Amino acid sequence: MNYFKNKVAVITGGGAGIGRELCCQLAKLGATVVVADIREDKAKKTAEQIKDHGGSAHYMRVDVSSESDVQHLIEDTVLQYSRIDYMFNNAGIAIGGDVRDLTMEQWKKVMDINWNGVLYGSTIAYRVMAQQGFGHIVNTASATGLMPQPGNTPYCASKHAVVGLSQSLRFEGADVGVKVSTICPGHVQTDIYKNMTVANVPNEKVVESLPIGAMKPSVAVDIILKGIIKNKDMIIFPDSVRWAWRIHRLFPALLKQAWLQKIRSIRRLKDGGVTR
Ligand code: NAD
């Protein structure tokens, strides 16, 4: 697989989880990687690890919710390498809970990072790529960008927005040589859950309640890279997510109980454990 050799790839959220694994695997395949993360220490660690293994990488502290940070990231990449082949808009956070308990600040925070971050990264990279006549934008949504997720509504809304942007931009980009793919994973073993905020529920309870059997980031990234090589529109995994999505579209009533159980399970975790 030397598809990525000598390509220039920017990865937001490259300091941890799926983003970190993307950086490492792309560098192993010969790409030059720009590791961008709000946590400079983590971005630095990823870049240093890549360089220690003979790969090519540099890092930058970037807050994706800042348009000027993202603009600077892309301008600096083009200045250094004269091109940008891949823009992975991957950084994301999770904030959920019963909608009655969520503050507007929490809604704004999740939209600022998960939606505005992808909006800035997509549109700024798109202008550069359209001018180049080539490039691939890869936006990380989620299985929750395709289906409801009661109890995680702000996250779900942000990811639906990412799916809408990416699917439309894919057609706009087709005539100017720019590819766009959307990633919709189910559970992947990362710290996103440990760092997750669920309004009025202690984080330990959230982590304890998670289903077991999440996919390893290395397996997820292998699927993602294979999807990119095939220029897939939607990269959806694991198979259980593909099936749930199909059922949701064809027989939505079948999943009604599952969605109700999701919000009831969150309500049970709140003090008092009431399900209404
Ligand atoms: P993670 O928490 O392990 O890593 C996220 C990285 O993003 C961290 O390094 C963090 O510092 C960085 N980040 C957070 N806010 C940022 C900001 N404002 N600017 C720049 N960087 C920022 O999470 P992950 O599981 O690897 O998630 C990566 C992407 O995959 C996210 O968009 C997430 O929503 C999505 N996703 C994850 C799962 C899963 O089960 N892990 C499932 C579906 C979708």
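Predicted model, so just to flag it, every value in this text is computed and none were measured.
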Side chain to side chain donor-acceptor pair (under 3.5 Å) contacts touching residues 142-159 (sequence neighbours left out): N114-S158, S142-T144, Q149-N152
State, to 0.1 Å, how close [X] and [Y] come at their nearest heavy-atom pair, and which atoms those are.
X: V35; Y: G15; result: CG1-N, 4.2 Å
X: G14; Y: T46; result: O-OG1, 3.0 Å
X: V162; Y: A141; result: CG1-CB, 3.9 Å
X: R242; Y: I236; result: NH1-O, 3.3 Å

Within the distance-only criterion (no hydrogens, no angle test), does the side chain of [X] pair as donor or acceptor with the backbone N or O of [Y] below 3.5 angstrom?
X: T32; Y: S56; result: no
X: D233; Y: T182; result: no
X: Y126; Y: E172; result: yes
X: S122; Y: L119; result: no
X: K179; Y: N231; result: no
X: N203; Y: Y193; result: yes
X: D112; Y: S65; result: no
X: S66; Y: V62; result: no
X: D85; Y: V8; result: yes
X: D76; Y: H72; result: no

For D98, the option from K262, R264, R267 that meets salt bridge (charged side-chain N to carboxylate O under 4.0 Å, His left out): R267
So, taking the atom named [atom1] in [X] and the one named [atom2] in [Y], what distance separates them when rounded to the nearest 0.5 Å?
X: I183; Y: I224; atom1: CD1; atom2: CD1; result: 4.0 Å
X: Q25; Y: I50; atom1: CD; atom2: CD1; result: 11.0 Å
X: I124; Y: I74; atom1: CD1; atom2: CD1; result: 5.0 Å
X: S265; Y: I263; atom1: OG; atom2: CD1; result: 7.5 Å
X: N89; Y: L165; atom1: CG; atom2: CG; result: 8.5 Å
X: L29; Y: Y3; atom1: CG; atom2: OH; result: 12.0 Å

Residue pair E67 / Q71, side-chain donor-acceptor N/O under 3.5 Å: no
Any pair counted as ring pair (Phe, Tyr, Trp, His ring centres under 6.0 Å), so long as it reaches residues 229-264, sequence neighbours left out: none
More than 12 heavy atoms from other groups under 6.0 Å of NZ on K51: yes
Over 12 non-hydrogen atoms of neighbours within 6.0 angstrom of CD in Q131: no
Hphob cluster co-occupancy, [X] + [Y], side-chain heavy atoms under 4.5 angstrom:
X: V110; Y: I192; value: no
X: L169; Y: V70; value: yes
X: I11; Y: Y59; value: yes

Working for ring-ring contact (aromatic ring centres under 6.0 Å, His included), residues H58 and Y81: CA-CA 12 Å; H58 81 262; Y81 303 108; 5.7 Å; yes
Worked verdict on Q167 versus M234 for side chain to side chain contact (heavy atoms under 4.5 Å, CB included): CA-CA 8 Å; Q167 292 216 292; M234 308 285 281; 3.2 Å; yes
Chi angles and distances behind the side chain to side chain contact (heavy atoms under 4.5 Å, CB included) call for D37, R20: CA-CA 10 Å; D37 204 290; R20 178 183 162 76; over 6 Å; no
